[in-house]
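The structure appears right after this line, and notes come after that.
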Amino acid sequence: MKLLYFAWVRTNIGKAEEEVAAPDHVQTVEDLLDWLATLGPQYAAALDRRNVVKVAVNHEYVEHDHPVRPDDEVALFPPVTGG
Amino acid sequence: MKLLYFAWVRTNIGKAEEEVAAPDHVQTVEDLLDWLATLGPQYAAALDRRNVVKVAVNHEYVEHDHPVRPDDEVALFPPVTGG
Amino acid sequence: MIRIQREDFDIGAELASLTDGNARIGGLAMFVGLVRDRASQGQISAMTLEHYPGMTERRLGEIEAEARRRWPLEGVTIIHRYGRLEPGERIVLVATTSSHRQAALDSCAFLIDWLKTKAPFWKLEEGAAGVQWVEARESDDQAAERWKK
Amino acid sequence: MIRIQREDFDIGAELASLTDGNARIGGLAMFVGLVRDRASQGQISAMTLEHYPGMTERRLGEIEAEARRRWPLEGVTIIHRYGRLEPGERIVLVATTSSHRQAALDSCAFLIDWLKTKAPFWKLEEGAAGVQWVEARESDDQAAERWKK
């Protein structure tokens, strides 16, 4: 699974993207966030305000109950502030 | 009194402006329009749709009951269509 | 800045002079009206804009002042042409700047809506069937009415 | 026409390419967002815009398509910059053309409101106190909400 991080999710985690092999029990975005938060304090900090973290799967905005699959591109980021 | 005509008021009357000496009984815009309509068929035609004719006295929009004075500049025109 | 002129204007240059050197501006909104090649009664080949010199400047000045009363604006530009214009030519430009996007957008819409119903301009269209004075449209009155307080 | 770019853009040239040669256009509406020299937490010296390449183009394409579904538009231009920008620099341009003034004005406001809440861009501000990610504003959500059907 390809993970992309933007804005303060990126600066907290300390990298812009990574390829991960999530355990089998990771079936939804929620599962993914739970698992990522166990990978280290920087992940826990980045995902602390869990309900603020927005998620896109393959460039589409999704809710936290959306399924994730091993070949998905999943992006985690704060609410957008462009324009 | 200086009279100015615009758009189809002007093309109907056949001139853009004129200096008139209105009779003493012309005290309001309404009186002025009544009097002008007697000056000839082109005036009558121009002022036929009386309630559509807009009036400005000294560059200010006024209603037909507004007073007019000998030294006023009075403009008669259709609803505006700029922009 | 209000200008009534026969000549065309350069949008880029006008907007640059409205924004350059003012870093308080967060939003710039603009509307430009152009001559269409068709109107209610079919194809038109040109239109001639007539206005009431003196009154036009006063009314536009009042409209600008009203916009500045309602919104916190950094700048306002209104340019309106008169004379004979062909399809595709620019007629009018209104532009506003503000630190806030919504103030710029709303005041720009306000300016063109009020200008259309209050500034003393009249359009004469030339078409296949001859020339015809454009009739005022009720939808323009309704658009201006939205901004009544 | 949608472009995501690091370079500045020329407003006059962009609008010319949107309108030139199309005499069905009666109205051109535009909004340009600029970097202000102050933000909620005081003076800022610069900001850096980050975006999500690939997703940005898709989301903006959807926003344009939605505007075209809602209004009879002749043309749409959206340009959004990324990278480091200083106060006074242009960030974003949205412009729409239509035969009708109201369609141009409304669709332009719609595009910038939706872009602000849906396009994946993030701003990092540089101020005296260091750098800070800009927080999303509730007023932007409310502005976008207006256009829900």
Side-chain angles (χ1 to χ4, degrees), chain B residues 1-20 22 28-29 32-33 36-37 41-83, chain C residues 4 31-36 39-40 47-63 78-83 85 90-94 108-125 130-141 143-144:
Chain B
M1 189 179 301
K2 185 179 185 184
L3 300 184
L4 299 178
Y5 310 124
F6 293 97
W8 51 251
V9 176
R10 174 176 62 74
T11 49
N12 276 326
I13 290 180
K15 56 182 106 169
E17 58 178 274
E18 60 185 319
E19 200 58 49
V20 298
T28 67
V29 167
L32 177 65
L33 297 175
L36 284 172
Q42 73 277 34
Y43 287 91
L47 305 175
D48 181 43
R49 293 159 66 194
R50 180 74 64 92
N51 61 334
V52 176
V53 174
K54 302 294 178 188
V55 182
V57 172
N58 303 325
H59 295 165
E60 297 287 342
Y61 287 108
V62 299
E63 298 299 325
H64 288 195
D65 60 358
H66 191 84
V68 291
R69 298 193 180 78
D71 55 352
D72 281 342
E73 173 173 308
V74 180
L76 309 180
F77 46 77
V80 302
T81 57
Chain C
I4 318 296
F31 177 82
V32 168
L34 301 109
V35 181
R36 289 199 290 156
S40 41
M47 64 164 53
T48 299
L49 271 140
E50 172 173 340
H51 79 115
Y52 182 177
M55 180 165 172
T56 308
E57 291 78 358
R58 274 180 71 165
R59 293 283 79 75
L60 292 180
E62 283 185 355
I63 294 169
I78 303 174
I79 304 173
H80 204 303
R81 294 176 68 189
Y82 61 89
L85 302 175
R90 287 177 274 271
I91 305 168
V92 61
L93 172 145
V94 299
C108 180
F110 165 84
L111 284 174
I112 188 67
D113 282 349
W114 271 35
L115 182 155
K116 280 209 165 250
T117 56
K118 295 180 196 297
F121 284 93
W122 301 271
K123 290 183 183 130
L124 180 70
E125 289 177 348
V131 302
Q132 188 166 335
W133 290 100
V134 174
E135 292 278 327
R137 293 187 314 168
E138 208 178 323
S139 61
D140 287 336
D141 290 334

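Naming: A, B, ... by sequence-line order, numbering from 1 per chain. Every value quoted in this text rests on a predicted model; they were computed, and no experiment measured them.
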Give the C-alpha distance, both sets of side-chain angles, the deciding distance and a yes or no for side-chain contact (heavy atoms from CB on, under 4.5 Å) between Trp133(C) and Thr11(B). CA-CA 10 Å; Trp133(C) 290 100; Thr11(B) 49; 3.4 Å; yes
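We find the CZ-CH2 distance between Phe77(B) and Trp122(C) to be 5.0 Å, quoted to the nearest 0.5 Å.
For the pair Ala75(B) and Tyr52(C), the tightest heavy-atom approach, listed with the atom from each and the gap, is CB-CE1, 3.3 Å. For the pair Val80(B) and Ala136(C), the tightest heavy-atom approach, listed with the atom from each and the gap, is O-CB, 4.0 Å. Smallest separation of non-hydrogen atoms from Lys123(C) and Thr81(B): N-OG1, 3.0 Å.
With Phe6(B) as the fixed residue, the side chain to side chain contact (heavy atoms under 4.5 Å, CB included) test singles out one of His51(C), Glu50(C), Met55(C): Glu50(C).
With a 4.5 angstrom heavy-atom cutoff, Glu135(C) touches chain B via backbone and side-chain atoms both. Heavy-atom distances place the side chain of Ile91(C), and not its backbone, under 4.5 Å from chain B. For a residue to count as touching a neighbouring chain, one of its non-hydrogen atoms must lie under 4.5 Å from one of that chain's; by this rule Arg59(C) touches chain B with the side chain only.
For Glu63(B), the CD atom is loosely surrounded, since the number of other residues' heavy atoms within 6.0 Å does not exceed 12.
A distance-only check finds no donor-acceptor pair linking the side chain of His59(B) to the backbone of Arg58(C) [under 3.5 Å].
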